[in-house]
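Comments concern the structure below.
A note on names: the letters A, B, ... follow the listed sequences, proteins ahead of strands, and every chain is numbered from 1.
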Amino acid sequence: MPSNAEISRALETVVTLMEIRGDEHYRVLAYQRAAESVAAAGSPVSDLDDPKELPHVGETTAEVIRDLVADETPDILDELMAEIPRGLVEVTRLPGVGPRTAGRLWKELDATSVEEVAALDASDISSLKGFGKKSAEKIVASAEKYNSEERRLLIHTATALGGKLLDFVRNHPATEKAGLAGSLRRGKETIGDLDIVAASGDAKSLADDFAEAEFVTDVVAHGETKVSIVVDGPDGDVDVDLRIVAPEAYGSLLHHFTGSQAHNIVLRERAVKMDTNISEYGLAKAGEDEREYIPAETEAEIYEKLGLAYIPPELREDAGELEAAEEGELPRLVEVGDVRGDLHVHTNYSDGKGTIESMAEAAIELGYEYLVFCDHSQSLRVANGLSPERLSEKMVEVRKVDEKYGEIHLLCGSEVDILKDGSLDYEDSLLEELDFVVASIHTSFQIGEEAMTDRILRAMNNEHVRTIAHPTGRVLNRREPYEVNVSRLIKEAAATNTALELNSYPDRLDLSAPYVREAIKAGVHITIDTDAHDESALSFMKYGVTQARRAWAGKGNVVNCLPWGEFEEFLKSGK
DNA sequence: GCCGTTTTCGGCCCGACTGTTTTCAGTCG
């Protein structure tokens, strides 16, 4: 069954091919919005009775989605692919090349792929009407260095890089206020490019100095209020946009550049109905020729003027947040400060670097009330998994160290492997002695969706298993999730009172936010764990919390937000 | 192609920057 992401990507392909063909703008836009709706949907569209339940999906796009769900090629896609070379989709990804340009390169110069564009002579392109020498050379050069491997920044890398660039902007004498916006501020698990917004009475001097800063490797655009540059990231080029407005419009700009685009569009459509236009400069009375914007210094003013509760950045995806804000039904989102403990950390008993003491002391520093040590189980040799004997020894040591610290409760658990047949890597009698059991998969990934799903369901039905760690096994930028039916996992988790983990490691963040949202709707509890293998990784908790916020989670949905007394009850009461 | 607090037809968010242009189309977010 194709995932929402796969369905959305297929719709995006339809969009690009239609654009190249030159279809009517609003028809293309309709498919674009359908693609975004699918991507933002809180549960698999394959589970819906009718895709038309999604916003911006009508009868025509619903039929396309039905075909995609059934793994069939929709007529529109068949038709487009017969007409337009598929390779042109990739050509439109070249910087500065859009569907129009790609279409002309194909029709007038017979180039149907990035490779063929790279092989063109710049003079051939510049001989076409409307192209000059400069743009021709740019197109060929970007095709030559094009790398099809799209690597997005992981959230901790983007946070660090964005912080460094933001420091430069904040330290500039012309800057009054500045911040990070875009998908990083919305907390998306991976980030394509960085957006920085600034308030200044002297935009030009800030823009000029930013374009000439030492970290800049290329200047893509450089105007009075907007600068686009390229910097060196850990995995190659990273695009960065800086946008500057007057201080009194800072809230308007921050909102505009935080997005998402889809959120901004529905918000602005709402504003138009209220006779108001919204832009990065403020709010204006609709219909005026010369719009006079009344700037908003804070984002809150914008929502207030539209009769909406303030919508946190993590929710701005056009996924029902406007309706909830209107009804006053936005959840109070979980915060890092709500977290009382970490239920999944490793020590040097298995493959961690820290000791029981050093991890405990780091957890005390964070103000936690409890910490659960979950080292690997015996069959996971590569991670130095614990034999039953060593696990018993560890249990004794944890109890001993626990007495040493009055500030925190130390518990002994295990991250027990779910074996290929769904049985667990320790006997029940041993699991029973543990305070907390996390179960997860580290081997035999390729057994197919049916077998994988059954395997995990069986583990959930073990009375000692309290949560399933990194339930889909994805490693961002490195490994796709194994094939598994997450909706079935969620239903069984609800039925067996098993929690699901939101693993905070920046390259996992698994479960992903849309699934966590589905789980919460089904009444499943979430554990937000760091899976820390050393003391410093305990701080990854903030990334897990951010994803939980994107999933509309409040602290009531998160097991490890329980204060110690209630968590102790939770442990004792069993499943 | 989608959608409805004037509408089942006629609208559809808003603006910056570039290159090649004498007024704007294309791209991007």
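The residue A:Lys52 sits apart from the nucleic acid: no heavy atom pair falls under 4.0 Å. Looking at heavy-atom distances under 4.0 Å, A:Glu269 makes contact with sugar-phosphate atoms alone, never a base. Counting any heavy atom pair closer than 4.0 Å across all strands shown, A:Val28 reaches no nucleic acid atom. As judged by a 4.0 angstrom heavy-atom cut-off over every strand, A:His25 is placed among residues making no nucleic acid contact. Using a 4.0 Å heavy-atom distance criterion, A:Leu267 is classed as making no nucleic acid contact.
Checking each of A:Glu326, A:Glu327, A:Glu321, A:Glu323 against A:Leu308 for a side-chain contact (heavy atoms from CB on, under 4.5 Å) leaves exactly one that passes, namely A:Glu326.
Proximity of A:Thr225 to the phosphate of B:dG15: no side-chain N or O atom is located under 4.0 Å from OP1 or OP2. A close approach under 4.0 Å does occur between a side-chain nitrogen or oxygen of A:Ser135 and OP1 or OP2 of B:dT20. For A:Lys134 and B:dG19, the shortest distance from a side-chain N or O to OP1 or OP2 is below 4.0 Å. Phosphate proximity of B:dG15 to A:Arg291: present, with a side-chain N or O under 4.0 Å from OP1 or OP2. At B:dC13, none of the side-chain N or O atoms of A:Tyr281 fall inside 4.0 Å of OP1 or OP2 (strictly under the cut-off). OP1 or OP2 of B:dG15 sits under 4.0 Å from a side-chain N or O of A:Tyr293. Taking side-chain N and O atoms only, A:Thr61 has a distance below 4.0 Å to OP1 or OP2 of B:dC2. Listed pair A:Arg268 / B:dC13 fails the phosphate criterion, with no side-chain N or O lying under 4.0 Å from OP1 or OP2.
If you check B:dC28 for Watson-Crick or wobble pairing at under 3.5 angstrom, you find it paired to B:dG15.
Among B:dG15, B:dC17, B:dC13, the nucleotide with an atom closest to any side-chain atom of A:Glu224 is B:dC17. Closest to the A:Arg27 side chain, of the nucleotides B:dG1, B:dG19, B:dC13, is B:dG1. Minimum atom distance to the side chain of A:Ile265 is reached by B:dC13, of the listed B:dG29, B:dC13, B:dC2.
Between A:Phe540 and A:His156, the ring-plane angle classifies as perpendicular under the 30° and 60° cut-offs.
Only at 4.0 angstrom or more do the heavy atoms of residues 139-147 of chain A sit from any atom of DNA chain B, so none qualifies.
We find that CZ of A:Phe131 is positioned 15 Å from C1' of B:dC24, with the value rounded to whole Å.
Using modelled atom types, no side-chain atom of A:Thr175 and backbone atom of A:Asn171 make a donor-acceptor pair closer than 3.5 Å.
Rounded to the nearest Å, the gap between the C1' atom of B:dT18 and that of B:dT23 is 15 Å.
Checked by atom type, the side-chain pair A:Arg268/A:His263 shows no donor-acceptor distance below 3.5 Å.
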Write out a two-atom table: protein N or O, nucleotide N or O from nucleotides 25-27 of chain B, distance below 3.5 Å.
unit_1	atom_1	unit_2	atom_2	d
B:dT27	OP1	A:Gly98	N	2.7
B:dT27	OP1	A:Gly98	O	3.1
B:dT27	OP1	A:Thr101	N	3.0
B:dT27	OP1	A:Thr101	OG1	2.6
B:dT27	OP2	A:Arg100	N	3.4
B:dT27	O5'	A:Gly98	N	3.4

Go through the steps to decide whether A:Arg243 and A:Asp195 satisfy the test salt bridge (Lys or Arg N to Asp or Glu O under 4.0 Å), and finish with yes or no.
CA-CA 8 Å; A:Arg243 193 65 203 279; A:Asp195 298 305; over 6 Å; no
